[in-house]
S.K.: 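Structure provided below as structure tokens; questions to follow.
This chain uses plain numbering: 1 for the first residue, then up along the sequence. All ligand and atom numbering here is 1-based and tracks the order in the structure.
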Amino acid sequence: MNSNQSSSFSLTVAKFGGTSVADFDAMLRCANIIKSSTSNRVVVVSASAGVTNYLVRLSQENVALAEQEEIIANIGAIQFNITQHLEATVEEQLNSEINQLLDELSQQALNQSQQFSAKTADAILSFGEQFSSRIFAQVLRSIDVAGEYFNVQQVMKTNSLYGKAVVDEQQLKSACQQLLAPKLVDSVIVTQGFIGQDGLGNPTTLGRGGSDYSAALLAEALDSDDLAIWTDVTGIFTTDPRITSQAKAIKEISFGEAAEMATFGAKILHPATLIPAMRHNIPVFVGSSKEPEKGGTRIKQQVESSPTFRSIALRREQTLVTVKSPAMLHASGFLAQVFAILAKHELSVDLITTSEISVALTFDNPSGTTQALLTSTVVEELEQLCEVSVEHGLSLVAVIGNGLDSARGIGQSIFEKINDTNIRLICHGASANNLCFLVQEQEANHVVETLHDTLFA
Ligand code: ADP
Ligand code: ASP
Ligand code: MG
């Protein structure tokens, strides 16, 4: 715990992502990481790799019974493949819990196929972490670590915005101090990322990739000294290492820079992860559970170097909406009307550029929901005010760094080598830490590779 707390031990919250808990060997590696330091007392797990994707399918409308059964069998197989490596009595006990959860899941899936609701969708999505956390607690016990399963829904209370629920941070803090902190003296608590519970007792979820955020919220609520995010890469890289093998691991990065990366699409961290960490000044470590000996990235308040160019993030599936009206010329209140319509439909605008009679707005559109809203209701309402054009299939490239608003020559450095690309929109000047632009989806990887070669050669 923080040095200003009277406590005899330091506390690290450790989060393991889906690939880190994908199978027995992966879980065992994670369990050994936990065992290697007595500070590791709270473990937050994601669902085993692939499980949430299966659950997403199950949570959709009109899934045929045969497909439901096939998906549930596949999810079960992932769990039983892990439990078979445990001691027979433990395996038996776990399998009976898993079978009970699978029965509940089948029932929810059946209900959902008959009558869809966002509430049931979240109930379905919440199962993945329920399986992995129960199993991981036992894997810890198999190597003599006092792992104890804890249902995070007791403390992670949220509103009922299913799919993107908002956590009651004050309640989390007091419930953690009351229900969780006392357990940390004797046990290593294993709990679920991604899920919470609303005021009516229904399961909720915090958005895809939300386990990082859960871990950060728990670290804050428990006055943790550290947060460790264990994943499948050896830290935060100068860009997604899947895009270019030239990407290099970053040893140290400031909260602000890492938060910009997460916001602009670096999948390594859920966008909200660093908010609690920054608020409470909790240093964050990011490393690979497969290769812990390789070290990783430290994210903290003060760092030794603040280079002009730190990294490049890429966010796919962006939608650009251009609204145009001669009435905007010298008129006041037009933009307020546009934004009122967007706010009414809970659409959150990312980037904005304006000219005399038109405004371009971008929307993050990962699951197609924005697209559905924009084509149906919103566009019609906007069209009452102005001409509207909607473009899909774009990607947002964000150059992250320091002093980008005041450094000279950065425009040339960034755009010189990609001058054959159609840059659809540029945003620069609002932040010292980023310059972003939109390109066509099919050109995005090439643009990031070229830019990476230019800025980080
Ligand atoms: P987990 O399941 O552990 O949460 P994720 O798949 O959500 O893991 O995040 C890890 C992935 O993030 C990496 O495999 C990598 O492809 C991607 N990624 C995107 N941008 C970066 C970056 N700048 N540095 C490292 N990884 C990145
Ligand atoms: N299991 C959830 C997902 O796949 C949450 C997470 O992994 O962070 O999105
Ligand atoms: Mg993730």
Side-chain angles (χ1 to χ4, degrees), residues 14-22 26 29-30 33 44-57 59 75 78 121-122 124-133 152 156 163-165 191-196 203-217 228-251 253 257-273 286-291 294 296-297 299 309-316 366-367 397-400 444-445 448 451-452 456:
K15 177 260 171 177
F16 296 101
T19 46
S20 300
V21 293
R29 277 194 295 269
C30 298
I33 290 174
V44 176
V45 288
S46 293
S48 300
V51 171
T52 307
N53 286 347
Y54 277 132
L55 294 170
V56 167
R57 177 65 190 137
S59 71
I75 292 174
I78 293 173
D122 261 12
I124 291 173
L125 291 179
S126 73
F127 278 85
E129 276 72 10
Q130 288 290 353
F131 294 119
S132 57
S133 54
V152 85
M156 197 68 77
K164 221 177 178 10
T191 197
Q192 309 80 41
F194 182 52
I195 67 178
T204 53
T205 63
L206 311 186
R208 290 303 304 266
S211 295
D212 302 326
Y213 181 42
S214 304
L217 285 168
I229 305 280
W230 294 100
T231 179
D232 60 358
V233 280
T234 54
I236 299 184
F237 282 60
T238 44
T239 194
D240 188 341
R242 284 186 209 180
I243 299 179
T244 167
S245 58
Q246 299 300 309
K248 300 180 191 75
I250 299 168
K251 277 276 143 235
I253 186 169
E257 293 167 286
E260 294 274 347
M261 286 181 75
T263 306
F264 285 103
K267 195 186 166 220
I268 184 90
L269 291 175
H270 178 276
T273 313
V286 181
S288 162
S289 66
K290 213 168 185 177
E291 302 173 296
K294 289 205 170 157
T297 302
I299 311 172
F309 298 116
R310 177 67 90 180
S311 65
I312 305 166
L314 176 63
R315 199 161 69 187
R316 299 178 204 274
S367 59
V397 179
V399 177
I400 315 289
N445 274 23
V448 172
L451 204 50
H452 191 274
F456 302 104

S.K.: Tell me the protein heavy atom at minimum distance from atom 25 (C) of ligand 1, and give that distance in Å.
M.R.: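 Going atom by atom, the protein heavy atom closest to atom 25 (C) of ligand 1 ends up being G235 O, 3.5 Å.
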S.K.: Does the T205 side chain pair with the main chain of D122, one donor and one acceptor, at a distance under 3.5 Å?
M.R.: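 No; zero donor-acceptor contacts below 3.5 Å.
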S.K.: Decide yes or no for Q130 and I195: does some side-chain heavy atom of the first lie under 4.5 Å from some side-chain heavy atom of the second?
M.R.: yes
S.K.: So is E129 touching ligand 2 or not, going by heavy atoms under 4.0 Å?
M.R.: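 Within the 4.0 Å threshold, so yes.
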S.K.: Would A249 count as a contact residue for ligand 1, given that I'm defining contact as a non-hydrogen atom of the residue lying under 4.0 Å from a ligand atom?
M.R.: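 False for this residue.
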S.K.: Does D212 pair with K15 as a salt bridge, N-O distance under 4.0 Å?
M.R.: yes
S.K.: For atom 24 (N) of ligand 1, grab the closest protein heavy atom and report residue, atom and distance to one decimal in Å.
M.R.: F237 N, 2.9 Å
S.K.: For the pair S289 (side chain) and W230 (backbone), establish whether a donor and an acceptor sit closer than 3.5 Å, ignoring hydrogens and angles.
M.R.: no
S.K.: Nearest to atom 15 (C) of ligand 1 by heavy atom, I312, L269, D240: which?
M.R.: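 Nearest heavy atom to atom 15 (C) of ligand 1 lies in D240.
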S.K.: At the 4.0 Å heavy-atom cut-off, does G209 count as touching ligand 2?
M.R.: yes
S.K.: Please report the shortest heavy-atom distance between F264 and R315, naming the atom on each side.
M.R.: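 Smallest interatomic distance, heavy atoms only, reads O-CB, 3.7 Å.
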S.K.: Report the part of R242 in contact with ligand 1, treating N, CA, C, O as backbone and CB onward as side chain, heavy atoms under 4.0 Å; options are side chain, backbone, both, neither.
M.R.: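 Side chain only; the backbone of R242 stays clear of ligand 1.
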S.K.: Who's the nearest protein heavy-atom neighbour of atom 1 (P) of ligand 1, and how far?
M.R.: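 That would be T231 OG1, 3.6 Å.
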S.K.: In the structure I gave you, are the side-chain heavy atoms of V233 and I268 within less than 4.5 Å of one another anywhere?
M.R.: yes
S.K.: Just heavy atoms, cut-off under 4.0 Å: does T239 contact ligand 1 by side chain, backbone, both, or neither?
M.R.: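 For T239, only backbone atoms sit under 4.0 Å from ligand 1.
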S.K.: Taking T297 for its side chain and I250 for its backbone only, find out whether a donor-acceptor pair lies under 3.5 Å.
M.R.: yes
S.K.: How does I268 reach ligand 1, if at all, at less than 4.0 Å between non-hydrogen atoms: by side chain, backbone, both, or neither?
M.R.: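 For I268, backbone and side-chain atoms both sit under 4.0 Å from ligand 1.
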S.K.: Which bit of P241 is near ligand 1, meaning a heavy atom under 4.0 Å away: side chain, backbone, both or neither?
M.R.: side chain
S.K.: Closer than 4.0 Å to some heavy atom of M261 - which atoms of ligand 1 meet that?
M.R.: 23 (N)
S.K.: Quick one: which of T52, V45, V44 gives a side-chain contact (heavy atoms from CB on, under 4.5 Å) with F194?
M.R.: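 Only one of T52, V45, V44 forms a side-chain contact (heavy atoms from CB on, under 4.5 Å) with F194, namely T52.
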S.K.: Any heavy atom of H270 closer to ligand 1 than 4.0 angstrom?
M.R.: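 Heavy atoms of H270 never come under 4.0 Å of ligand 1.
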S.K.: Need the ligand 1 atom indices (1-based, order shown) with element for anything under 4.0 Å from a heavy-atom of G18.
M.R.: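 So the answer, numbered in order with elements, is 2 (O).
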S.K.: Of all the non-hydrogen atoms in the protein, which one sits nearest to atom 6 (O) of ligand 1, and at what distance?
M.R.: K267 NZ, 2.9 Å
S.K.: For A266, take its heavy atoms, then give the atoms of ligand 1 lying under 4.0 Å from any of them.
M.R.: 20 (N)
S.K.: Considering only the protein, which heavy-atom contact is closest to atom 6 (C) of ligand 2, and what is its distance?
M.R.: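 Looking only at protein heavy atoms, the one closest to atom 6 (C) of ligand 2 is S211 OG, 3.3 Å.
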S.K.: Relative to the heavy atoms of S46, which atoms of ligand 2 are at a distance of less than 4.0 Å?
M.R.: 6 (C), 7 (O), 8 (O)
S.K.: Indicate the atoms forming the closest heavy-atom contact of P241 with A247, along with that distance.
M.R.: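 Closest approach of P241 to A247: CA-CB, 3.9 Å.
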S.K.: What protein heavy atom is closest to atom 3 (C) of ligand 2, reported as residue, atom name and distance in Å?
M.R.: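 Protein heavy atom at minimum distance: R208 NE, 3.3 Å.
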S.K.: G210 heavy atoms, cut-off 4.0 Å: which ligand 2 atoms fall inside?
M.R.: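 Answer, ordered by atom number: 5 (C), 8 (O).
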S.K.: Are more than 12 heavy atoms, taken from residues, nucleotides or ligands other than K248, located less than 6.0 Å from that residue's NZ atom?
M.R.: yes
S.K.: Please list, in number order, the atoms of ligand 1 under 4.0 Å from a heavy atom of I236.
M.R.: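 Those atoms are 24 (N).
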S.K.: Which ligand 1 atoms, with their elements, are less than 4.0 angstrom from a heavy-atom of D232?
M.R.: 10 (C), 11 (C), 13 (C), 14 (O)
S.K.: State whether a side-chain donor-acceptor pair under 3.5 Å links T234 with E291.
M.R.: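 Side chains of T234 and E291: no pair found under 3.5 Å.
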S.K.: Do side-chain atoms of E129 reach the backbone of A47 as a donor and acceptor pair under 3.5 angstrom?
M.R.: yes
S.K.: Tell me: protein heavy atom nearest atom 4 (O) of ligand 1, and distance?
M.R.: K15 NZ, 3.0 Å
S.K.: Between the side chains of R208 and N53, is a donor N or O closer than 3.5 angstrom to an acceptor N or O?
M.R.: yes
S.K.: Under a 4.5 Å cut-off applied to non-hydrogen side-chain atoms, are S214 and L206 in contact?
M.R.: yes
